[in-house]
Amino acid sequence: MTAPGRTGQGRTVLVLGGTGEARELARRALGAARVVSSLAGRVSSPRLPEGEVRVGGFGGVDGLVAYLRAERVDAVVDATHPFADRITANALAATAAAGVPLLVLRRPGWTEREGDRWTWVDSIAEAAAVVGGRRALVTTGRQGLGAFARGVARTVDPPEGATALEVVLDRGPYTLDGEVALMRRHAVEVLVTKDSGGSMTAAKLDAARLLGLPVVLVRRPPAPAAPTVATVDAALDWLRTGSAGA
């Protein structure tokens, strides 16, 4: 099978990014193609990938279709956060309309280990209901924090809207010692997080296990109906061959 679109350095690859995998993909694909990384702009000081970067939305599906055609994009890799389901839905619709191949790059979710005390929920609101009045360490991002009554929220940027939680501004990667110290300092009784997967923020799960704390995890949105791979190596193979493998 031939690679998506044109071949060689004349090809243009659009990477929908914002994750460590997206940055690695952009770095490793440079030289073999023109790589444009698109960031949503939701973080005030994002880590920028190598190569061309655009920041901000496209203006919905129609705007993305227009961009794909104007820039003669040969392939799109959606390497956004596993919970960026709106961006993924727009990418699916736009690439179908423009006739551009799409690959989804998603790191695997976390797997429960011996000693874990996990409760799975489908939304932040449901997570807050499970937490009740306990002191929580909430690491689900800036939105929805008003549903929690006690504890601390860790975010990269200040939260949207009012919250009763103490706010700690920080970004990963995190260490086990640092996470244990944070949970002890704030007398945390339960950890709340999304099933983001990956190693950059997994230390909080190890800390909760070590301290015997329960964890409330928000499930990922349904998987997109598109070819999907779990690693940057597999995404590079797809760009070379047009096949996402098994």
Side-chain angles (χ1 to χ4, degrees), residues 1-40 46-54 58 64 67-68 71-113 172-173 193-203 205 217-246:
M1 182 180 295
T2 58
R6 294 168 288 170
T7 60
Q9 293 188 0
R11 299 173 63 215
T12 294
V13 176
L14 175 64
V15 178
L16 305 178
T19 61
E21 292 85 2
R23 291 189 293 273
E24 182 184 352
L25 177 63
R27 177 182 61 81
R28 294 175 61 185
L30 280 175
R34 174 197 176 208
V35 179
V36 182
S37 295
S38 175
L39 307 181
R47 293 190 176 104
L48 297 179
E50 297 180 30
E52 294 182 45
V53 179
R54 68 174 306 280
F58 292 94
L64 181 51
Y67 179 87
L68 296 176
E71 296 294 323
R72 299 187 65 201
V73 173
D74 296 283
V76 177
V77 180
D78 174 7
T80 55
H81 192 277
F83 283 80
D85 51 336
R86 181 175 297 180
I87 297 175
T88 297
N90 286 350
L92 281 165
T95 53
V100 176
L102 170 69
L103 179 74
V104 176
L105 170 57
R106 287 287 184 276
R107 68 179 85 106
W110 286 313
T111 301
E112 194 167 2
R113 294 168 52 184
T193 189
K194 294 177 177 178
D195 182 23
S196 300
S199 60
M200 182 175 288
T201 60
L205 299 174
L217 286 103
V218 181
R219 292 186 181 91
R220 293 182 174 191
T228 302
V229 296
T231 66
V232 172
D233 284 340
L236 290 168
D237 286 342
W238 179 82
L239 288 173
R240 286 191 294 263
T241 67
S243 173

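Numbering of residues begins at 1 and proceeds along the displayed sequence.
- When all heavy atoms of Phe83 and Arg219 are compared, the closest pair comes out as CE2-O, 3.0 Å.
- Looking only at side-chain heavy atoms (C-beta outward), Thr80 and Thr19 stay at 4.5 Å or farther from each other.
- Between the OG atom of Ser38 and the CD1 atom of Ile87 there is a distance of 7.5 Å, given to the nearest 0.5 Å.
- Looking at Val15 and Arg23, their side chains never come closer than 4.5 Å, going by heavy atoms from C-beta outward.
- Atoms OG1 and CG, on Thr88 and Asp78 in that order, are 3.5 Å from each other to the nearest 0.5 Å.
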* Asked: Are Val104 and Val229 close enough, and set up right, to give a side-chain contact (heavy atoms from CB on, under 4.5 Å), and what steps lead you there?
  -> CA-CA 6 Å; Val104 176; Val229 296; over 6 Å; no
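- Looking at Leu14, Val73, Val76, Asn90 one by one, the single match for side chain to side chain contact (heavy atoms under 4.5 Å, CB included) with Thr95 turns out to be Val76.
- Leu103 and Ala235 get closest at one heavy-atom pair: CD2-CA, 3.7 Å.
- The CG atom of Leu64 sits 7.0 Å away from the CG atom of Leu16 when rounded to the nearest 0.5 Å.
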* To do: With salt bridge (Lys or Arg N to Asp or Glu O under 4.0 Å) as the test, would you mind laying out the steps for Asp233 and Arg28 before giving the verdict?
  => CA-CA 9 Å; Asp233 284 340; Arg28 294 175 61 185; 2.6 Å; yes
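- Arg107 is listed as a side-chain neighbour of Ser196, based on a closest heavy-atom distance under 4.5 Å.
- The backbone N or O of Thr231 sits nowhere less than 3.5 Å from a side-chain atom of Arg106 that would complete a donor-acceptor pair.
- Annotation: cation-pi pair Arg54/Tyr67 present, NZ/CZ under 6.0 Å from the ring centroid and within 45° of its normal.
- Between Val77 and Leu25, the closest side-chain pair of non-hydrogen atoms falls below 4.5 Å.
- Side-chain contact check for Asp74 versus Val100: every heavy-atom pair is 4.5 Å or farther apart.
- From Asp195, atom CG reaches atom CZ of Arg220 across 5.0 Å, with rounding to the nearest 0.5 Å.
- Counting only heavy atoms from C-beta outward, the side chains of Arg34 and Val36 approach each other to under 4.5 Å.
- Residues Leu39 and Val53 have side chains in contact (heavy-atom distance under 4.5 Å, counting atoms from C-beta outward).
- Residues Trp110 and Leu205 form a side-chain contact, since some pair of their non-hydrogen atoms from C-beta on lies under 4.5 Å apart.
- Residue Ala79 comes nearest to Ala22 through the heavy atom pair CB-CB, 3.7 Å, listed as atom of the first residue, atom of the second, then distance.
- Of the N and O atoms on the side chains of Arg27 and Ser37, not one donor lies less than 3.5 Å from an acceptor on the other residue.
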